Amino acid sequence: MKRTKIASILANEQTDYDVVVKGWIRSVRNNQFIALNDGSCLANLQVVATAGIVDEETMKHIVAGASVAVTGKVVASLGKGQRVEVQASTIELLGKCDNEQYPLQLKNKPSLEYLREIAHLRFRTNTFGAVFRVRHSLAFAVHRFFNERGFVYLHTPIVTASDAEGAGEMFRVTTLSPTAPPLTEDGAVNYKEDFFGRCTNLTVSGQLEAELGAMALSEVYTFGPTFRAENSNTARHLAEFWMIEPEVAFNDINDNMDLAEAFIKYVIQYTLTHNTEDLQFLAQRLDEEEKLKPMNERSEMGLMEKLQFVVNNEFERITYTQAIDVLLSSPAYKKKKFQYDVQWGIDLQSEHERYLVEKHFKKPVIVTGYPKDIKAFYMRLNDDGKTVAAMDILAPGIGEIVGGSQREERLDNLLKRMKEMHIPTEEMYWYLDTRRFGTVPHAGFGLGFERLVLFVTGMTNIRDVIPFPRTPKNADF
Ligand code: ATP
Ligand code: MN
């Protein structure tokens with residue numbers, strides 16, 4: 001007989017049919033009631049092992065962590081807490097589990113920090129099962145959203161010789177010997193002898209290549225891994241993270257905002273519809289975590305309420321200049337509560353972004369029109385000559401979740417800006433060619449997938465929403 005997944009047994013109205021179920025034991029009660037989980041859903045299946053169906057020796061190994069195959073009948077449950085259970089006729093032990101060494105005994109609730117150290121096993125907890133099922137749904141919804149709108153999924157390179165932001169922070173990719181690399185006559189490392197015949201890095205963004213695609217396919221998006229060797233040990237930064245980057249020909253900054261807002265609402269609604277049980281569990285987890293905080297730091301909304309709110313309300317749209325004004329006239333500023341100074345021209349710090357979103361507007365905020373000096377070379381210069389058509393979306397509890405812009409499509413402006421910012425124009429001929437050969441207005445944005453997963457799951461550390469986080473001094477597993 002074929003294996004039936006626990007999710008489908010629990011969703012099935014029928015009873016009194018035979019099944020084979022396989023999974024990992026979460027707990028055993030009274031030597032008789034086995035809570036079995038196979039990851040297909042949050043809930044465990046209760047397996048009833050009446051005396052005699054398992055020999056004494058095997059019964060010793062029916063413990064938390066062990067894996068089993070159960071043959072039996074789905075029946076209505078007399079006990080509380082479940083509608084149906086499986087009355088086992090045979091239980092086959094698939095894999096033993098050393099009880100002494102298994103770190104996921106249910107006795108004490110393990111902390112998230114501890115579970116990070118055993119990331120290879122944490123999938124087996126309710127929390128991480130829920131997080132990774134929601135993560136999957138979000139990824140699926142991303143593709144569904146763009147597919148429904150006729151976007152082409154473009155795979156941009158992971159190894160690249162260009163740096164989209166014109167900044168450092170990249171991981172070098174090389175096959176040269178670390179101890180004795182070939183040298184040039186003047187003693188520098190000779191990258192001509194490297195695998196690609198030049199210096200290469202892991203990509204920080206697929207945007208520039210996505211722009212090339214958009215200049216023919218009109219609507220494209222990327223969804224792939226990006227790498228940043230930034231030494232920021234925060235709860236919102238990873239060295240390896242996944243980014244979604246749509247790029248759309250003929251879109252201006254307003255179309256770009258509309259697209260980003262529709263996108264975020266769509267993927268959240270998708271999980272609300274398809275992951276209700278997991279989200280409700282995560283909401284409860286968050287409630288418990290919030291209760292440990294002082295009153296004034298607790299969020300006003302529960303997770304479900306927050307997600308519903310985001311789906312049902314328009315994002316606030318303000319300019320950078322308005323944002324600075326709000327900050328300057330805020331009680332927090334007047335009482336000198338901000339660590340960093342506020343004045344026109346600053347890059348908004350996380351404390352400023354959080355004030356705007358959590359205290360002032362109490363909803364996601366799209367900020368546009370940033371000073372050109374704090375933004376990338378490819379952003380379109382506004383008519384005022386000092387701001388660019390950039391947009392950041394700030395989310396409650398997260399801060400920046402999206403960074404995007406209308407791109408500078410005018411060749412002269414772009415060249416001028418690249419020279420000012422010391423971006424090599426000859427090397428980037430391929431990027432400039434799009435402005436030479438039929439340039440059009442276009443816009444796009446980058447959304448950090450893990451920040452989205454953080455927002456939707458209510459988890460608070462980005463290390464807890466990617467299976468195996470890469471952060472400074474850590475590449476375990
Ligand atoms: P931040 O100011 O938070 O460092 P950024 O301005 O460097 O972000 P962008 O270069 O605009 O970010 O990247 C686009 C999006 O990618 C961000 O809005 C964010 O959601 C995400 N992102 C950026 N850096 C990281 C990181 N190190 N880990 C996870 N997500 C990131
Ligand atoms: Mn950054």
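Read the numbers this way: they start at 1 and go in the same order the structure lists the ligands and their atoms. Small disclaimer: the values here were computed from a predicted structure and weren't measured. Along the sequence shown, residues are numbered consecutively beginning with 1.
Between I401 and L394, the closest side-chain pair of non-hydrogen atoms is not below 4.5 Å.
Residue contacts with ligand 1, taken as heavy atom pairs separated by less than 4.0 Å, involve R228 solely via side-chain atoms from C-beta onward. The part of E230 lying near ligand 1 is the side chain, judged by heavy-atom distances below 4.0 Å.
Under a 4.0 Å criterion applied to the non-hydrogen atoms of I462, ligand 1 contributes the atoms 29 (C). Atoms of ligand 1 lying under 4.0 Å from at least one heavy atom of R236, given by number and element, are 28 (N), 29 (C). Set against the non-hydrogen atoms of G403, the atoms of ligand 1 under 4.0 Å away are 11 (O), 18 (O).
Both the sub-6.0 Å distance and the 45° axial angle are satisfied by R149 relative to the ring of F145. Seen from the ring of F128, R124 does not count as a face-on cation partner, given the 6.0 Å and 45° thresholds. Figure legend: K306 and F455 shown as a cation-pi pair, the cationic atom lying under 6.0 angstrom from the six-membered ring centre and within 45 degrees of its axis.
The heavy atom nearest to atom 14 (C) of ligand 1, considering only K375, M243, R470, is found in M243.
In this view, K293 and E290, E297, R298 satisfy the side-chain contact (heavy atoms from CB on, under 4.5 Å) rule, not counting sequence neighbours. For F195, the ring pair (Phe, Tyr, Trp, His ring centres under 6.0 Å) criterion is met by no residue, not counting sequence neighbours.
A salt bridge is defined here as a Lys NZ or Arg NE, NH1 or NH2 lying under 4.0 Å from an Asp or Glu carboxylate O, and R116 with D476 fails to meet this definition.
In terms of polar-atom proximity, G448 is counted as a contact of ligand 1, with an N or O under 3.5 Å from an N or O of the ligand. For ligand 1, the polar-atom distance check finds no N/O of L447 at less than 3.5 Å from any of the ligand's N/O atoms.
Heavy atoms of T226 stay at 4.0 angstrom or farther from ligand 1.
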